[in-house]
Engineer: 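Encoded as C-alpha cells, here's the structure I'll be asking about.
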Amino acid sequence: MGRGRVQLKRIENKINRQVTFSKRRSGLLKKAHEISVLCDAEVALIVFSTKGKLFEYSTDSCSMERILERYERYSYAERQLVETATETNASWTLEHEKLKARIEVLQRNQRHFMGEDLDNLSFKELQSVEHQIDSALKHIRTKKNQLMYESISELQKKDKALQEQNNQLAKKVKEKEKEIAQQTQKEQQSHTSVDSSTIQPPPMQPLNLRGNRGEDETTPMQHRSNTLLPAWLLPHMNE
C-alpha cells in the first residue's frame, strides 16, 4: 500500500516539527536555486524559524537588497493602484448616490408640476409649486414673444427685399418697353422714307383746247395768245 496523503496541519511534537522544518527548508532552498538557474529568474527567499533564526537565499550574493527594493517598488505601485481604484470606486459610488437622489427629486417635482402626487404636500409646498409654475410660464411667454418678434422682423426684412427686387424688375421692364417703342418708331420712319422716295407723281398732261379735232397740241405761248384774240379770229389764225 502506498503512503497516504499527509494532512497539512501544525505538528504538535516539537522535535518532529524541528526535523520537518530542517528538511523542508533545505528542499525549499534547493528548489529556489533550481528555478533561478533553469529559468534565469531573480529569486529571493527569506525564512524565519520558530525561534526567529533567519535563513535566506538570493540569486546573487548581493542581489537580495536589489530584489527587495524592486519588490517594494512594485508593491508600492500596486498599493497605489489599489488605493486609487478604491478611492475612485468610492467617489463614483458617492456620485452615483447623489445623482440618484437628484433624479428622484426632479422626477417628484415633475409629477408635482403635472398636477400629480399632490396629496402629501402642505399648503406652503403647494404655494411654492404654484409660484414655480407661474414663474416658468412667464419665462415661456417671454421667450415665445421674443421668437415671434424676431420672426416678424425677419419677414419684414424679406418683404422689403422682395419689394425692392420687384421695383427693380418693374424699372427694367419699363426701360425695355421704351427701347422697343423707340426701335419700332425708327423702323416705321425708315419704311415711310423709303415709300416716299419710290412713289413719283404722274406727268402733267397739256390742255387740249381744240377738243376732239385730232390736231397738234398748242404750246403754252400759243394758248396764251389765243386767249387774248377774239373768238371770231381763232379759226383764221389756225389756217
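In this text the structure is predicted, and so the values were computed from the model without any measurement.
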Engineer: For D40, I'd like to know if atom CG has over 12 heavy atoms of other residues, nucleotides or ligands within 6.0 Å.
Structural biologist: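 No, not enclosed.
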Engineer: Salt-bridged, R102 to E104, with N to O below 4.0 Å?
Structural biologist: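 No, this pair does not count.
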Engineer: Assess the side chains of Q163 and N167: does a donor N or O sit below 3.5 Å from an acceptor N or O?
Structural biologist: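 The criterion, which ignores hydrogens and geometry beyond distance, is not satisfied for N167 and Q163.
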Engineer: Quick one: does S58's side chain have a donor or acceptor within less than 3.5 Å of a partner on A44's backbone?
Structural biologist: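 No; zero donor-acceptor contacts below 3.5 Å.
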Engineer: Atom CG in L147, atom CD1 in I152: separation rounded to 0.5 Å?
Structural biologist: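 These two atoms lie 11.0 Å from each other.
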Engineer: Is any side-chain heavy atom of E42 closer than 4.5 Å to a side-chain heavy atom of R66?
Structural biologist: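 A side-chain contact exists here, since the closest heavy-atom pair is under 4.5 Å.
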Engineer: Which atom pair, heavy atoms only, marks the closest approach of M64 to Y57?
Structural biologist: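 Heavy-atom minimum between the residues: CE-O, 3.4 Å.
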Engineer: Check I15 against N13 and note the closest heavy-atom contact, atom names and distance.
Structural biologist: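 Here I15 and N13 meet closest at N-OD1, 2.9 Å.
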Engineer: Would you give the length of the straight line joining atom CZ of R25 to atom OG1 of T20, rounded to the nearest 0.5 angstrom?
Structural biologist: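 With rounding to 0.5 Å, CZ (R25) is 12.0 Å from OG1 (T20).
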Engineer: When rounded to the nearest 0.5 angstrom, what is the spacing between CD in E34 and NZ in K31?
Structural biologist: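 E34 CD to K31 NZ: 5.0 Å, rounded to 0.5 Å.
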Engineer: Check whether more than 12 heavy atoms from other residues, nucleotides or ligands sit under 6.0 Å from atom OH of Y71, and answer yes or no.
Structural biologist: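 Check fails, neighbour count at 12 or below.
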Engineer: Does atom CD of Q110 have more than 12 heavy-atom neighbours from other groups under 6.0 Å away?
Structural biologist: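 Check fails, neighbour count at 12 or below.
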Engineer: Would you confirm whether R17, through its side chain, and I11, through its main-chain N or O, come within 3.5 Å as a donor-acceptor pair?
Structural biologist: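 Side chain of R17 to backbone of I11: a pair is present.
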